[in-house]
Amino acid sequence: MPFGQVVVGPPGSGKSTYCAALARHLASSGRSVAVVNLDPANDALVYEAALDVSELVGLEAVQEETGLGPNGGLIWAMEYLETNIDWLLDRLRPLTQAGHYIILDCPGQVELFQLHAGFKRILGTLERQLSMRLVAVQLIDAHLCADAGKYMAALLLALSTMLHLELPQVNAFSKYDLLDRHGDLAMSQEFYLEAHGLEHLVESMSVGFPPAFQDLSRGLCEVVEDFGLLSFLPLEVESAESMKRLVAVADKANGYYHIPPTMA
Ligand SMILES: Nc1nc2c(ncn2[C@@H]2O[C@H](COP(=O)(O)OP(=O)(O)OP(=O)(O)O)[C@@H](O)[C@H]2O)c(=O)[nH]1
Ligand SMILES: [Mg+2]
């Protein structure tokens, strides 16, 4: 049974860098991997792609032909990929049959993994047609922890991705090594990683707003706490320890197992 990660997150959150680091990390522990670029705007790949969607559809050409901007063009490209899903299936199948662990590097447009039904259907087709067991790895830049309002936005982003994609999901604060650059945090690092006791943020989230906003902030905190499944791992791609921890959690989330060829 083929396993893999769908790497999602806002623009610049570190997805492609993580995919490259993950491929190196897994290869060094003996797991054979295939990185798939699903981002039609990714023209300077930082890893060796086993499969590159821009061979089917590239963002620049789409924009030229349709007159759309980068966001509209990306949505168009994803819809084109869905229409031509056999192109993807035909190229992915041999990679899964060869036993590779599949890493899908996705575009950064958040509407794709929060609203867009087509992207979700593409992932569903991979699960059904190739029996893939996928886990979504959502990366969010750690610097959002330095501001209560931005931190709440990060929580809501992670939550809505979980609800939309309906995949097992691991959330990580990326570029954690750069967190100190953003000054002292108001709460402990564990607080931000565990996302518990959020009522402590209500006051700082509401500074400068009319009192009614305090109720809104409290309500948002309750929504996240009531959901109860949200927590984050700290991610530094250069730290083997950090990568190992994320891989262990992701493997647990999609039930990864490997049968050595001698026992198969
Ligand atoms: N210090 C540090 N920098 C990182 C880390 N991960 C990514 N970066 C940097 O963050 C920047 C953006 O990384 P990308 O991997 O291009 O981000 P992305 O999410 O793929 O970006 P888009 O595809 O444009 O959405 C690059 O300069 C990376 O070197 C990290 O763990 N630590
Ligand atoms: Mg990228």
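Only heavy atoms go into these numbers, but all of them, side chains included; no hydrogens, no water, no symmetry mates. We count ligands from 1, going down the list as the structure has it; atoms in each ligand are counted the same way.
In summary, S16 places an N/O/S atom under 2.8 Å from the Mg ion (ligand 2), meeting the contact criterion.
Atoms of ligand 1 found under 4.0 Å from any heavy atom of D177, numbered from 1 in the order shown, are 1 (N), 2 (C), 30 (C), 31 (O), 32 (N). Of all the atoms in ligand 1, the ones that sit under 4.0 Å from a non-hydrogen atom of D39 are 23 (O). Every atom of ligand 1 is numbered from 1 in the order shown, and the set under 4.0 Å from a heavy atom of L178 is 1 (N).
A cation-pi arrangement is absent between R133 and F3 under the rule of less than 6.0 angstrom and at most 45 degrees off the ring axis. Remark: R218 is not positioned above the aromatic ring of F213, lacking an NZ or CZ atom under 6.0 angstrom from the ring centre and at most 45 degrees off the axis.
At least one N or O atom of S13 sits closer than 3.5 Å to an N or O atom of ligand 1. Residue S174 has no N or O atom closer than 3.5 Å to an N or O atom of ligand 1.
For atom 27 (O) of ligand 1, no protein heavy-atom neighbour is present inside the 4.0 Å cut-off.
Protein heavy atom nearest atom 17 (O) of ligand 1, with residue, atom name and distance: G14 N, 3.1 Å. Looking from atom 24 (O) of ligand 1 to the surrounding protein, the closest heavy atom is G12 N, 3.9 Å. Scanning the protein for heavy atoms near atom 31 (O) of ligand 1, the closest one is V237 N, 3.2 Å. Protein heavy atom in closest approach to atom 14 (P) of ligand 1: T17 OG1, 3.5 Å.
Shown here is F227, whose CZ atom has more than 12 heavy atoms of other residues, nucleotides or ligands within 6.0 Å.
One finds the CG atom of L167 at 6.0 Å from the CG atom of L134 (value rounded to the nearest 0.5 Å). Note that NZ of K150 and CG of L157 are 14.5 Å apart. Values are rounded to the nearest 0.5 Å.
Side-chain contact between R31 and H258 is absent, with no heavy atoms from C-beta onward closer than 4.5 Å. Looking only at side-chain heavy atoms (C-beta outward), F119 and E79 stay at 4.5 Å or farther from each other.
With K175, Q109, K15 as candidates, the residue nearest to atom 30 (C) of ligand 1 on a non-hydrogen basis is K175.
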- Message: The test is salt bridge (charged side-chain N to carboxylate O under 4.0 Å, His left out); show your working for R121 and E82 and say whether it passes.
- Response: CA-CA 8 Å; R121 281 196 298 265; E82 191 190 2; 2.6 Å; yes
